[in-house]
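As structure tokens, the structure follows; a few thoughts come after it.
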Amino acid sequence: MSFPLNPAQAEAVRRTDAPMLVLAGAGSGKTRVIAAKIARLVAGGTDPAKIVAITFTNKAAREMRERAQGLLRAQGREDAASAVRIATFHALGLAIVRAEAKRLGLRPGFSVLDPQDLETVVAELAATADRSRARKAQWAISAWKNALVPPAQALALARDDDERAAAKAYAGYADALSAYQAVDFDDLIRLPVELLERDPAARGRWQERCEHVLVDEYQDTNPAQYRLFRALVGERGRFTAVGDDDQAIYGWRGATLDNLARLPDDYPGLVVVKLEQNYRSTTRILASANALIANNAKLHDKRLWSDRGHGDAIRVVAARDEEQEAEIVASAISAHRFEHRGRWSDYAVLYRGNHQSRAFEAAMRAQSIPYEVSGGQSWFERAEIKDLIAYLRLIANESDDPAFLRAVGVPRRGVGQTTLAKLSEAAAAGGTSLAAAVRDRAFSSAAQPRAHSELVAFVTLVEDLRRRAAKEPAGRLIDELLREIGYEDHVVATCDKREAEAKLQSVADFTGWLARKGETDRRNLFDLAQMIALVTMLEGRDGEGADAVRLSTLHAAKGLEFPHVHLVGLEEGILPHRESIEAGTIDEERRLMYVGVTRAERSLSLSFCRTRSRAGLRVDCQPSRFIGELAQDDLRWAGQPLPPDEAAREKAAGAERLKALKAALARR
DNA sequence: TAGAGATTAGTTTTT
DNA sequence: CTAATCTCTA
């Protein structure tokens, strides 16, 4: 895109002296505007180190960095590109917590724990073995943290027994984190807010470094993020908030459109610019998107238009079940690509929930179509990588008991449940961490001399690596760690050949990544251990280079665009999701659909299933109400009704399965 | 203590 | 129907 900025875009870029809200419709070139504005600020004499651009995802941050880099290079300020701080909210929060660790009562090596690490902690505190209850409690605690509600006030806000249990666990949860010298994701926003709001000196320091703040996807900020933003921006209020209320899809995570609504009141000089020209989609796709979103109450009226021709009709396909749906979509993609001599990466399949990818992965494999699943498990989340990360965290932070418990069991070293239970007891009695209890000989087990000496060896190894971590390159330390614990032998011994190869490969990728990061960003092992938790979604699967069909959730697809989009599983209960129907938050589901529709550049296909198997049983489905809300004249129905004999057979098979299940239940 | 088999519960979205 | 836990034995 080298043509000039349109008048609205130019206006958004030009005004750098006032607080600004840019209402950027889908596909209206907002990344371009932000990058151009960064370049403009630099050209206008703003110190690049005092420009802060905040995104929600690592991917968005990287994309923005690349765009800004390109522009800065063109104006001969390549040096400025690396000085500008472009980060996610959480990465920025981490930077603040790191810099201010002492004032926040944290040691420099504190750990960042992801929700997975904390699930067991919450389960223990909530005194339940029931996973779904534990996760509910964890969920509630996270919601309170995002609303900046301290433990003492949570109980008053709890509305049911589950939430009351969570409120009781909340204080213990906070204590556990501080005992571990650890923070969770929510703390990365919450702690900076608390510090900046109570400590004028710290506030001044950070405001000094935030001469201009740009926020991407502003509509998805939650109350804590808004307060962090306000604290950084200060009275001066030099910022550019870019957002689109029609694309707010993170209400379930505490995001609130209040932040958008109140901006004119909080900053009376606010300049509002609307970007209404869409550079992405055909007018037919846009007409349907507009018709759909017209069903929502609107904060700001926008009229999206495009000059990209009206394009093909939107296809709607009714499939028998999810397998047939996947097969139809895969065949369609294959045929279309052949006919148009396109690339696989021109196609995307978008769905509501991660589990829906299964059928499509199977169909893609069956038809030898290369595909890439986004949002799914990146190598950071694989068990073997999490094992290594546990070692890193423990090396960086002796108090990280969850990391201790994970690392001590990999590879098996003759230390089992019984020994660890005794160790926990000793540590609790002495008020120390598990590692410290071993080191300080607070714990001894005459009955299990072998287990005990293994524990000591384990802790000694970790301490040795910790001593060296500040000076030596991270890559070398990891290699040594792997050798010391005999990791390769362990993998070979515990898995079959194929599996072992895959694991060793991903471990090699991981150590290679660490070594690279260590060199290019001059990160030592302590720094790396802290940032890893935030990077889980990024980097691992980076589809950019690969020519593959993209399978993605609607949430993960936001900000992306594809020539050809297949929106699948459009059924009542899925999109809109059942829970949203019950909670009465259909408009957010509609925005999710809107996001999906507006990802498409040239063609859009919609599909739904007449039946779907759930927990082994076949259930009937209704097409999503959202299909009926699109521009009906632009839809072309391609689904054939289910042949009667097949319908009957399906029904019989379903009844048979139900009977078998009931019989099995009766037997018990 | 550790691995292999049985049993059981479950389906939203993510930094 | 899967993917996790949980239980049992070597």
Side-chain angles (χ1 to χ4, degrees), chain A residues 54-61 87-94 112-116 120 123 129-133 135 139 142 145-146 183-189 217 220-222 224-225 248-255 322-323 350-359 362 374-376 378 380-381 383 409 411-420 448 450-451 454 493-495 531 533-538 552-558 569 573-583 585 588-589 591-593 595-596 612-619 657 660-661 664-665 668:
Chain A
I54 310 175
T55 64
F56 274 85
T57 66
N58 295 301
K59 191 164 50 180
T88 63
F89 262 106
H90 289 86
L92 176 65
L94 175 60
V112 180
L113 303 190
D114 68 34
Q116 238 181 53
T120 49
D130 183 350
R131 282 168 301 289
S132 77
R133 279 197 111 155
R135 288 176 62 183
W139 172 263
S142 171
K145 285 191 162 195
N146 279 322
V183 299
D184 63 17
F185 285 175
D186 303 318
D187 288 335
L188 293 175
I189 311 298
E217 306 284 10
D220 285 328
T221 51
N222 66 32
Q225 286 160 335
I249 55 174
Y250 284 100
W252 52 274
R253 215 171 75 188
E322 66 268 39
E323 263 133 45
L350 307 182
Y351 37 78
R352 175 69 229 254
N354 272 309
H355 68 279
Q356 289 174 265
S357 72
R358 212 167 286 289
S374 45
S378 74
F380 287 98
E381 285 162 352
R412 303 272 136 196
R413 40 167 66 81
V415 178
Q417 291 303 311
T418 346
T419 311
L420 289 175
Q448 294 281 336
R450 202 174 86 85
E454 287 285 356
T494 50
C495 314
M531 61 172 284
L534 295 183
V535 190
T536 44
M537 301 311 293
L538 162 79
S552 169
T553 63
L554 288 161
H555 284 89
K558 190 163 74 153
I574 293 185
L575 187 71
H577 194 268
R578 212 186 83 242
E579 308 252 331
S580 295
I581 298 173
E582 281 161 16
T585 53
E588 181 153 316
E589 298 291 296
R591 283 183 230 122
L592 202 47
M593 174 87 176
V595 165
R612 184 175 280 278
S613 75
R614 233 169 54 183
L617 289 176
R618 202 145 282 289
V619 295
R657 274 188 285 265
L661 191 78
L665 282 171
R668 281 189 308 136

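Here is how names work: the chains are called A, B, and so on, in the same order as the sequence lines, proteins then strands, and each is numbered from 1.
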Task: Those residues that, when tested against Y351(A), pass ring-ring contact (aromatic ring centres under 6.0 Å, His included) (two or more places apart) - done: none

Open item on the list: Can you work out whether R578(A) or Y250(A) has the more 5'-proximal nearest nucleotide on DNA chain B?
Closed with: R578(A)

Open item on the list: How many whole angstroms separate atom CZ of R612(A) from atom C1' of dT12(B)?
Closed with: 13 Å

Open item on the list: The criterion is ring-ring contact (aromatic ring centres under 6.0 Å, His included); which residues satisfy it with H577(A), sequence neighbours excluded?
Closed with: none

Task: Closest listed nucleotide, where the reference is the side chain of W139(A) and the choices are dT12(B), dT14(B), dT15(B) - done: dT14(B)

Task: Gap in Å between the two C1' atoms, one belonging to dT5(C) and one to dT12(B), rounded - done: 23 Å

Task: Protein-nucleotide distance (L575(A), atom CG; dT13(B), atom P), rounded to Å - done: 13 Å

TODO: Take atom CZ of R591(A) and atom P of dT13(B), then tell me their distance rounded to the nearest Å.
DONE: 18 Å

TODO: Look at T553(A) and dT14(B) and indicate whether a side-chain polar atom (N or O) is within less than 4.0 Å of OP1 or OP2.
DONE: yes

Task: Heavy-atom side-chain contact between F185(A) and V112(A) under 4.5 Å - done: yes

- [ ] Could you check how far CD of Q116(A) sits from P of dT14(B), rounded to whole Å?
- [x] 14 Å

Open item on the list: What is the separation between atom CG on L188(A) and atom P on dT14(B), rounded to the nearest whole Å?
Closed with: 19 Å

TODO: To the nearest Å, give me how far apart CG (D114(A)) and C1' (dT14(B)) are.
DONE: 12 Å

TODO: Measure the distance from NE2 on H555(A) to P on dT15(B) and round it to the nearest whole Å.
DONE: 11 Å

Task: Residues that W139(A) engages under ring-ring contact (aromatic ring centres under 6.0 Å, His included), provided they are two or more places apart - done: none

Open item on the list: Going by side-chain hydrogen bond (donor to acceptor under 3.5 Å, both in side chains), name the residues that satisfy it together with S613(A), two or more places apart in sequence or in a different chain.
Closed with: E322(A)

- [ ] Report the distance from atom CH2 of W252(A) to atom C1' of dT15(B), rounded to the nearest whole Å.
- [x] 9 Å

Open item on the list: Between E588(A) and W252(A), is there a side-chain heavy-atom distance shorter than 4.5 Å?
Closed with: yes

Restricting both atoms to N or O, compile the protein contacts to nucleotides 2-5 of chain C shorter than 3.5 Å, with distance only.
{"residue": "dA3(C)", "atom": "OP1", "partner": "R358(A)", "partner atom": "NH1", "Å": "3.2"}

- [ ] Return the set of residues passing side-chain hydrogen bond (donor to acceptor under 3.5 Å, both in side chains) with S142(A) (not counting sequence neighbours), or none when no residue passes.
- [x] D186(A)

Task: Per-pair stack call H90(A) and dT15(B), 5.5 Å, 30° - done: no

TODO: Return the nearest nucleotide to the side chain of N354(A); candidates are dT15(B), dT12(B), dT14(B).
DONE: dT14(B)

